[in-house]
Amino acid sequence: MKISRTKFKSGGITVRAAALFLALLFMLPCFCFGAAADEQSLAETARAAAVYCTTADRVLWSKNIDATVYPASTVKIMTAILAIEHFEGRYDENITVTAESIKGAAGNRISLRIGEIVTVNDLLCAVIIGGANDAALVLACEVAGSVGAFVDMMNEKAAALGMKNTFYTNPTGLHDAKMFTTVSDIIKLASYAQNMNRFMDTASIARYVMSATNLSKLRYIANKNYLVSTYVEYKYYYPLANGMNSGSTNEAGQCIVATASKNGLNYIAVVMGADKYTKVVQAAGEITNPDGTISRVDEKTETVVCSYPEAKRLLEYAMKSFSYRKVLDASEMICEIPVSLGSSVDHVTLLPEKTVELYLSNDIDLDAELERSWELYVDSLTAPVKSGDVAGLLTLRYGGEVVASVELVAKNNVERSGFLYIMDNIKNEMKKPALRLLTAAFIIGIILYVIGMAVWRSRKKAEARREFYKNRRP
């Protein structure tokens, strides 16, 4: 680890403010250390993609992250968010399906009927798990009174979440050329949903059994995110996945927002506009049976939805390539600083105020690539010194960028020497102008007194001599 040291005197609050600013930089995870931005093979067919660590607030890999794409079924994440927030604590509430609420319902549906009474929870599960468009429309009308009013709420929420490049025109994700988003914005949306227990608990359900209603028998709703469920397709299943949304349109391509967790860290992979193709797994032809007869076999094909394996690769890449690494230990001795007026020592050791762990690429050589430097606020400390007293700032840099800053504090207490303290006070008092003037006046007074006494004594002696000679005259 590269080490350098700077020493400066502090004038007070200016240096402390600067130290606070640098310390805050430690909280800003804006450095993608070691991210392999050129590894396009992670999401080869996707128009845009990214993998993001929610816990560390870091985009670890991306492809066209700010390119405009059609949102497809990711729209339903926003629909579910608004419904969950509107009906909080009232998920068992009944809703009656109206003709207006399912007007224009198309695509994936659970076949809701006019006059059917369903619960909010059933509709939420149908939207989040099954991607049901009719359920999304019914929720939209119930929340806002109309689909149009609900779309306005969606765009207002998007703006509140900082989704600056997103515009919604419907709550289902059915294609509309006017509707657009970006992977960067989808990450913001998914991160918000990932912090909602209701959403995530629902998104992780493999299959939901919807209770019978006044107009329908039981409905079985399999999760359309095949990373989570094997009820429809088993080959994409990923045990660490726990959500969140999958779907497609002809224009948007194959899209998925996949969430997963490992070792206490949460991740989001977004793949937009991936391919879907058919591959031959067995060619047509003839085979020889064990008894020597010949049989004809037909060609066997398999459909591959690329969004699933690409999302899985992104998640595995993130989990394998990055981790929290200890870059500074609170018990590590950094330097010493002189101490004046100490009763037993004239120096004290400085330690980092806290241990620092950074979310970094596992390929980084900490000793070779992480630069360490420190600055002292003052030339020396004056006893008494308490353990934990701040005396400087330690800064860590990677690639020339500040990645962490932590204050340096005294390791031990240092008691003050009473004798040295008194002598120091005398020395300091002697430096004061008023005391210097008084001392000078006192010295001058002494000098004048001595001179005066000398003159007086000289005169006395002269008078004594004159009196002596006078008395000896005949």
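You'll find the side chain of S248 stays beyond 4.5 Å of the side chain of K276, heavy atoms only. Proximity of M78 to M163: side-chain heavy atoms (C-beta onward) are separated by under 4.5 Å at one or more points.
S387 and N412 are not linked by any side-chain donor-acceptor pair at a separation below 3.5 angstrom, with hydrogens and angles left out of the test. Counted by atom type alone, S373 and R397 present one or more donor-acceptor pairs between their side chains at under 3.5 Å. Of the N and O atoms on the side chains of S323 and N362, at least one donor lies less than 3.5 Å from an acceptor on the other residue. Side chains of T213 and S216: a donor-acceptor N/O pair is absent below 3.5 angstrom, by distance only. Counted by atom type alone, E369 and Y398 present one or more donor-acceptor pairs between their side chains at under 3.5 Å. A donor-acceptor pair shorter than 3.5 Å cannot be found between the side chains of N242 and Y267.
Counting heavy atoms of neighbouring residues, nucleotides and ligands inside a 6.0 Å radius, atom NZ of K164 does not exceed 12 of them. The local environment of CD in E88 is sparse, with at most 12 non-hydrogen atoms from other residues, nucleotides or ligands closer than 6.0 Å.
Using cut-offs of 30° and 60° on the angle between ring planes, the pair H175 and Y70 is perpendicular. Taking the six-membered ring where the residue is Trp, Y317 and F322 present perpendicular rings, their angle passing 60° and hence far from 30°.
Scanning both residues, A106 and L174, for their nearest heavy atoms gives O-CD1, 3.9 Å. The shortest non-hydrogen separation linking M244 to A190 is CE-O, 3.5 Å.
A donor-acceptor pair under 3.5 Å links the side-chain atoms of N214 to the main chain of G115, judged by distance alone. The main-chain N or O of E44 is never found under 3.5 Å from a side-chain atom of S41 such that the two would form a donor-acceptor pair. Under a 3.5 Å cut-off, the side chain of R219 and the backbone N or O of S111 do form a donor-acceptor pair. Checked by atom type and distance alone, the side chain of D185 pairs as donor or acceptor with a backbone atom of T166 at under 3.5 Å. Remark: the backbone N or O of A284 is not paired with any side-chain donor or acceptor of D298 at under 3.5 angstrom. Although no hydrogens or angles enter the test, the distance criterion places a donor-acceptor pair under 3.5 Å between the side chain of T249 and the main chain of A252. Between the T202 side chain and the R198 main chain, a donor and an acceptor come within less than 3.5 Å of each other. Remark: the backbone N or O of S331 is paired with a side-chain donor or acceptor of D329 at under 3.5 angstrom. Under a 3.5 Å cut-off, the side chain of N195 and the backbone N or O of S191 do form a donor-acceptor pair. Looking at Y168, its side chain never comes within 3.5 Å of a backbone N or O of A158 through a donor-acceptor pair.
In this view, Y324 and Y359 satisfy the ring pair (Phe, Tyr, Trp, His ring centres under 6.0 Å) rule, not counting sequence neighbours. For the side chain to side chain donor-acceptor pair (under 3.5 Å) test, residues two or more places apart in sequence or in another chain that qualify with R90 are E93.
Tested against I186, the residues T181, N245, I65 include a single side-chain contact (heavy atoms from CB on, under 4.5 Å) partner, T181. Applying the side-chain contact (heavy atoms from CB on, under 4.5 Å) test between V327 and each of I364, T355, V403, L366 identifies L366 as the sole match. When each of T172, N108, N133 is tested with K76 by the rule side-chain hydrogen bond (donor to acceptor under 3.5 Å, both in side chains), just one qualifies, namely N133.
If you take CE on M200 and CE on M196, they are separated by 11.5 Å, rounding to the nearest 0.5 Å.
The pair E407-K354 fails the salt-bridge criterion, with no side-chain N (NZ, NE, NH1 or NH2) lying under 4.0 Å from an Asp/Glu carboxylate O. Under a 4.0 Å N-O distance rule, the pair E302/K279 qualifies as a salt bridge.
For the pair R58 and Y52, the cation-pi criterion (under 6.0 Å, within 45° of the ring axis) is not fulfilled.
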